[in-house]
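Order of listing sets the numbers, starting from 1, for every ligand and every atom in it. Keep in mind the model is a prediction, meaning the values are calculated, not measured. Start at 1 with the first residue, then count along the sequence.
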Amino acid sequence: MANLEWSKLPFGYIPTCCNTRCYYKDGKWGEVEVSTSEYINMHMSATGLHYGQQAFEGLKAFRGKDGKIRLFRWEDNWERLCFSCRGILMPEIPKETFKEALLTVVKKNEEFIPPYGTGASLYIRPLVVGTGARIGVSPADEYLFLILVTPVGPYFPQGFKGVDIQIVRDADRAAPLGTGRYKIGGNYAASLASGARAVKEGFKTVLYLDACEKRYIDECGPANFFGIKGNSYITPKSTSILNSITNLSLCTLAEDMGLNVERRRIPVEELAELDEAGACGTAAVITPIKSIQDRETGKVYSYAEEPGPISTKLYKRLQGIQYGDEADKFGWTMEVL
Ligand SMILES: Cc1ncc(COP(=O)(O)O)c(C=O)c1O
């Protein structure tokens, strides 16, 4: 086991022993290789550097009480990565290549998978980047697919406690028919300035509205949004948000708990009618929201200081499945070690 302060890990990069890589050349993907380098060597005119041809994923491996290592819904991440690749004209990764690169990197970095009970996990970051040189705007003919891993603590370090977030109206993360559905760097570049400003102004993250009308909730900077209203789990339907795998899981769990699941447009004013609100994602897991301030109008939507009962139940069930404490009745996990 690596010598780390497991229960104090930030959501940040810590070097591990290796990563896995695969190169696309002459119209096909090669063999999966193991690399101990933290650097990549590519042409200065690579499309990934100039024209944003890069896509990534984020998933986790968890060490259970039984000592087993489980991956959570990796096939959904593979599918979403292919969706992102298609969206920006990069070649899709064959499922077997993805699986081999994933299992190899997790197994080889076993000593970096945090112990059970520390609240930490192994974050897995697949990346596809256009490495072929271009000067005119067009897709590359060469690509690198790699998977790096790093042990992480919670994204919002306060743990399972309510956060304050901020609605912005002077910045958009993605256009309605733009690239918000894809997990590509450009969307995050577009969110950096408003995200940093929100933090400076005392908020954990930004809640974006639909770019067209600014009437409906879109999503948070690094996570989807959900609300609990009576017996309903409500989450935005939008063409400009990432289709969160965590949110998809919470919808299934909510239904299983007897809640109605509503995936629809959520007008901003409806925030006043919610009993609970939360942000969800691989990194955020469920981060309860205790207030949402509209930066422009000054209006504040407040929720209970402590996480609500339904958010708490969803959080416990999700983590229970991920760490192997609860039966995996939906077949979401795969044991790797
Ligand atoms: C913009 C954005 N929305 C939502 C999510 C949540 O998606 P997932 O649950 O698949 O991690 C993420 C990433 O984690 C994200 O970056």
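For S240 and Y208, the side-chain atoms include no donor-acceptor pair closer than 3.5 Å. Counting only N and O atoms by type, the side chains of S35 and S37 include no donor and acceptor under 3.5 Å apart.
The aromatic rings of F226 and Y233 sit parallel to each other, their planes meeting at less than 30°, with 60° as the upper class boundary.
When hydrophobic residues (I, L, V, M, F, W, Y) are linked wherever their side-chain heavy atoms come within less than 4.5 Å, the members clustered with V163 are I165, I167, L207, L209, I217, F225, I234, I266, V268, L271, L274, I289, I292, Y301, Y303.
Around ligand 1 you find R80, R173, K183, Y188, E219, G221, P222, A223, N224, L242, S244, I245, T246, C280, G281, T282, each with a heavy-atom distance below 4.0 Å.
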Show which side-chain atoms of residues 86-99 pair as donor or acceptor with protein atoms under 3.5 Å away, not counting sequence neighbours.
| from | atom 1 | to | atom 2 | distance (Å) |
| --- | --- | --- | --- | --- |
| R86 | NH1 | E92 | OE1 | 3.4 |
| R86 | NH1 | E92 | OE2 | 3.2 |
| K95 | NZ | E75 | OE2 | 2.6 |

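Applying the ring-ring contact (aromatic ring centres under 6.0 Å, His included) criterion to Y216, with sequence neighbours excluded, gives no partner residue.
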